[in-house]
Number of protein chains: 2
Amino acid sequence: MPVRRSAPTSLDVARLAGVSQSTVSYVLTGSRPISAATRRRVEDAIEKLGYHPNSGARALRSRRSGVIGLMVPEAYGNDAVLMRFVGAIAREAQRFGYDILLVTAQEGARGIHRVVRTGVCEALILMELGRHDERVAAVIEAGLPFVLIGKPVGFPNGSVVDLDFERLGRMVVDRAADEGCERLLLFGEPGHRRHRNDVSRFLLGIEEQAEGTGLEVVLDGGGLPDVPARARDLARGGRRTAVFGLSGVTEVLFATAASGALADPELLTIALTDEDLAAISPLLARIPRIDPRRVEISELAVRELVRLLREDGASPRVTLVEPEWVEQEQEQEQRAEQEQPVEQTPAEHTSTPTS
Amino acid sequence: MPVRRSAPTSLDVARLAGVSQSTVSYVLTGSRPISAATRRRVEDAIEKLGYHPNSGARALRSRRSGVIGLMVPEAYGNDAVLMRFVGAIAREAQRFGYDILLVTAQEGARGIHRVVRTGVCEALILMELGRHDERVAAVIEAGLPFVLIGKPVGFPNGSVVDLDFERLGRMVVDRAADEGCERLLLFGEPGHRRHRNDVSRFLLGIEEQAEGTGLEVVLDGGGLPDVPARARDLARGGRRTAVFGLSGVTEVLFATAASGALADPELLTIALTDEDLAAISPLLARIPRIDPRRVEISELAVRELVRLLREDGASPRVTLVEPEWVEQEQEQEQRAEQEQPVEQTPAEHTSTPTS
DNA sequence: TTGTAGGCGTTATCAG
DNA sequence: CTGATAACGCCTACAA
């Protein structure tokens with residue numbers, strides 16, 4: 001059995017194909033026309049040797065490492081849902097020939113400088129930024145292409161992909177009103193979390209739309225396990241109440257199920273989650289659900305980054321992805337008869353920041 | 001404002017410090033004694049310029065990229081818990097100066113060859129391997145240091161870190177017996193999933209220990225939402241029944257709470273999870289819980305890999321981490337009075353494979 | 001259409 | 001204790 005000391009180089013390929021080393025390189029990069037015959041010989045040699053170009057050398061020479069840095073938020077514990085993003089990002093990056101390198105949020109702006117200066121990453125994706133995040137300044141200063149997942153309030157200085165939280169707020173209010181609710185109970189204390197970009201945009205949508213419909217909005221839902229009791233109090237006297245929150249859906253559904261309040265006709269619980277609730281319990285099968293479209297957001301983020309990388313001088317874009325209603329069959333059919341077809345199809349819209 | 005065309009190199013540092021370029025390198029790698037004065041000047045210059053060594057060049061020359069590949073399983077959807085591992089691995093790797101590059105499982109053995117041949121990764125962590133996984137052969141052939149998270153049955157040809165699933169099985173049986181249960185209901189169809197390494201080791205522990213205690217083990221718990229009803233049937237007639245499963249804890253707890261069976265004194269539900277159940281609902285506060293110690297496993301995996309990387313000719317090790325009981329206060333106190341202190345302290349034990 | 005050659009920034013082997 | 005110097009493997013401008 002032959003002992004392979006180290007990986008074959010482009011020179012090995014060249015020798016086997018009977019061409020010069022640069023020809024191999026040109027075949028690989030495609031930056032120069034190559035005759036079909038030569039290309040064929042080179043490709044065969046590559047295949048035969050199992051050749052892969054050395055990424056260090058390539059990066060050193062071309063300043064392109066083929067690696068995208070992904071800065072993941074600190075709060076792994078609270079947000080196991082993160083893996084949805086990370087997985088989808090890794091797969092999509094793969095499709096375009098990029099690898100994903102994790103940068104922990106705990107490294108902060110220094111981490112960004114590090115991966116940029118060392119040249120490990122040629123582009124960055126940043127997640128869950130705070131309102132005034134030092135990392136945004138860092139990545140702009142670094143001068144790399146980058147995409148933010150999570151839109152800041154106002155116009156950012158770069159590309160953004162995010163759920164349209166303002167629209168989400170309006171969707172929730174509309175649904176509650178349509179279903180004859182007089183109140184909307186928001187759990188997860190959004191009133192105290194306006195400092196978060198997503199929360200403040202969501203509340204903006206909620207408040208704007210509530211004004212139009214006359215729906216009463218209750219911001220302090222109390223602790224998550226107490227939500228069902230709180231909701232029942234509110235619904236007392238036939239005032240139908242909708243319940244919604246940006247986080248902690250599982251906990252609230254749990255508490256609601258345990259309290260028996262899921263069956264209460266005066267309560268309308270709306271869930272924001274990408275989980276198939278019916279699979280957790282048939283009791284949840286009829287709960288109207290909004291999908292936060294994490295996979296789509298991830299894929300769009302990668303594609304936007306690839307655009308910035310490939311198109312020379314491409315300008316940044318803001319892409320907001322529309323939340324998507326997911327209804328169970330029975331309910332869906334019922335509703336289809338009563339309503340005229342509104343724009344049910346989820347969509348994205350894109351804009352260019354003016355700042 | 002000065003325009004920085006590109007990152008400073010070690011030559012820039014050398015000039016500023018008034019030394020040769022190689023001296024800078026020696027200061028950085030520490031592979032040669034340097035006088036305190038020189039080192040000082042060099043370090044100052046590095047600081048002043050914000051210099052970071054170019055990783056491409058470094059990798060090209062030294063064949064060490066400072067990057068560890070992490071092959072994450074395909075099933076992001078089902079296992080949001082994955083992020084616990086990934087986050088902890090990234091942080092621990094960071095501590096030792098390594099970055100984590102994601103390799104999707106969908107790339108399979110080719111993916112391993114790719115990252116090895118290109119030299120992007122100098123070591124690998126593989127998660128959730130199947131019984132006869134092509135990736136193990138690939139990584140062994142590649143000749144890189146590697147660690148598996150998830151122990152195969154029998155002796156692997158490399159380092160492994162995993163939960164001690166056999167012990168977990170015995171712990172569950174012991175607890176059920178201690179609490180006066182006559183039956184143990186295992187949900188998640190473990191009987192049909194013996195092809196999984198963890199499941200088969202778990203069942204081994206269950207069966208061995210059950211033989212000693214005379215506990216009756218029921219393997220087919222039915223679909224997850226049906227578990228509470230099934231358990232109640234079994235518990236009928238005063239035959240106390242314990243309920244446990246390797247996955248789907250949330251779903252089962254949900255269904256149990258909704259059915260009101262959580263209060264049934266004839267049922268003992270034991271959870272395998274790293275979530276704080278009391279935070280989800282006070283109803284869950286008294287459920288005995290076993291922590292799967294994912295963070296510890298992740299950290300140990302990284303440290304084992306670092307050992308393989310640093311210690312020359314280090315031989316592989318198998319490390320099994322002991323599952324840890326986590327009880328709520330009240331119950332903990334009650335139990336403390338009734339029992340003599342058994343080995344409650346979680347521990348790891350390590351062995352060297354003889355294969 | 002193809003070949004030649006210089007250099008990307010480091011590490012590490014020579015000397016001194 | 002420190003300096004010069006030769007690769008590492010690839011890309012690409014320049015020649016042919």
Side-chain angles (χ1 to χ4, degrees), chain A residues 4-43 45-46 49-67 97 114-120 122, chain B residues 4-43 45-46 49-67 97 114-120 122:
Chain A
R4 213 161 263 314
R5 290 249 155 267
S6 71
T9 74
S10 59
L11 190 59
D12 296 324
V13 175
R15 279 199 275 255
L16 183 56
V19 297
S20 82
Q21 191 228 31
S22 63
T23 300
V24 176
S25 182
Y26 285 120
V27 168
L28 248 54
T29 60
S31 62
R32 168 201 260 189
I34 299 280
S35 77
T38 316
R39 148 159 295 133
R40 180 52 169 262
R41 294 218 311 287
V42 170
E43 281 168 349
I46 286 177
L49 293 177
Y51 166 78
H52 288 271
N54 180 288
S55 72
R58 180 201 283 268
L60 177 56
R61 194 43 239 244
S62 68
R63 339 226 81 183
R64 276 178 280 109
S65 65
V67 171
R114 183 179 65 81
V115 296
V116 172
R117 296 308 266 267
T118 57
V120 225
E122 55 174 301
Chain B
R4 214 161 263 315
R5 290 249 154 266
S6 70
T9 74
S10 59
L11 190 60
D12 297 323
V13 175
R15 280 200 273 256
L16 184 57
V19 296
S20 83
Q21 192 224 31
S22 59
T23 300
V24 176
S25 178
Y26 286 118
V27 168
L28 248 56
T29 60
S31 62
R32 168 204 259 190
I34 299 280
S35 78
T38 322
R39 145 159 296 131
R40 181 54 169 260
R41 294 217 312 287
V42 170
E43 282 167 347
I46 287 176
L49 294 178
Y51 165 78
H52 289 272
N54 179 289
S55 72
R58 182 202 282 265
L60 176 58
R61 188 55 237 231
S62 68
R63 342 226 68 179
R64 276 176 280 109
S65 65
V67 171
R114 183 179 66 81
V115 295
V116 171
R117 297 305 265 270
T118 57
V120 227
E122 56 174 300

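Chain identifiers are assigned alphabetically (A, B, ...) following the order of the sequence lines, protein sequences preceding nucleic acid strands; residue numbering begins at 1 within each chain. Atom set for the values below is all heavy atoms of this structure, side chains included, hydrogens, waters and symmetry mates excluded.
- Distance check: Arg32(A) CZ to Thr29(A) OG1 gives 9.0 Å after rounding to the nearest 0.5 Å.
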Could you list all N or O pairs between the protein and nucleotides 5-9 of chain D that sit under 3.5 Å apart?
| from | atom 1 | to | atom 2 | distance (Å) |
| --- | --- | --- | --- | --- |
| dA7(D) | N3 | Arg61(B) | NH1 | 2.6 |
| dG9(D) | OP1 | Arg63(B) | NH2 | 3.3 |

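- Using a 3.5 Å distance cut-off with no hydrogens or angles, the side chains of Ser22(A) and Ser25(A) do not pair a donor with an acceptor.
- Within the nucleic acid shown, Val24(A) has no heavy atom closer than 4.0 Å to any nucleic acid atom.
- Counting heavy atoms from C-beta outward, Leu28(A) and Ile46(A) have side chains that approach closer than 4.5 Å.
- Ser20(A) has no side-chain polar atom (N or O) that falls below the 4.0 Å cut-off from OP1 or OP2 of dT2(C).
- Each end of the helix from dT1(C)-dA16(D) to dG16(C)-dC1(D) gets its own axis from five base pairs, and the two axes differ in direction by 40°, given to 10 degrees.
- If you measure from atom CD1 of Ile34(B) to atom P of dA12(C), you get 13 Å, rounded to the nearest angstrom.
- Atom pair Arg41(B):CZ and dG3(D):C1' shows a separation of 14 Å (rounding to whole Å applied).
- Here Ser35(B) reaches the OP1 or OP2 of dT2(D): one of its side-chain N or O atoms lies under 4.0 Å away.
- Atom pair Leu28(A):CG and dC10(D):P shows a separation of 9 Å (rounding to whole Å applied).
- In this structure the side chain of Asn54(B) never reaches within 4.5 angstrom of the side chain of Thr118(A), judged on heavy atoms.
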At a cut-off of 3.5 Å, list every protein nitrogen or oxygen paired with a nitrogen or oxygen from nucleotides 14-16 of chain D, distance to 0.1 Å.
| from | atom 1 | to | atom 2 | distance (Å) |
| --- | --- | --- | --- | --- |
| dC14(D) | N4 | Arg32(A) | NH2 | 3.2 |

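- Straight-line distance from the CD atom of Glu122(B) to the P atom of dT11(C): 13 Å, rounded to whole Å.
- With contacts defined as side-chain heavy-atom distances shorter than 4.5 Å, the pair Val19(B)/Arg41(B) qualifies.
- When the P atom of dG9(C) is taken as reference, atom CD1 of Ile46(B) falls 16 Å away, rounded to whole Å.
- Applying the 4.0 Å criterion to OP1 and OP2 of dG3(C), one finds that Thr23(A) has a side-chain N or O inside that range.
- The distance from atom CZ of Arg64(A) to atom P of dC8(C) is 17 Å, rounded to the nearest whole Å.
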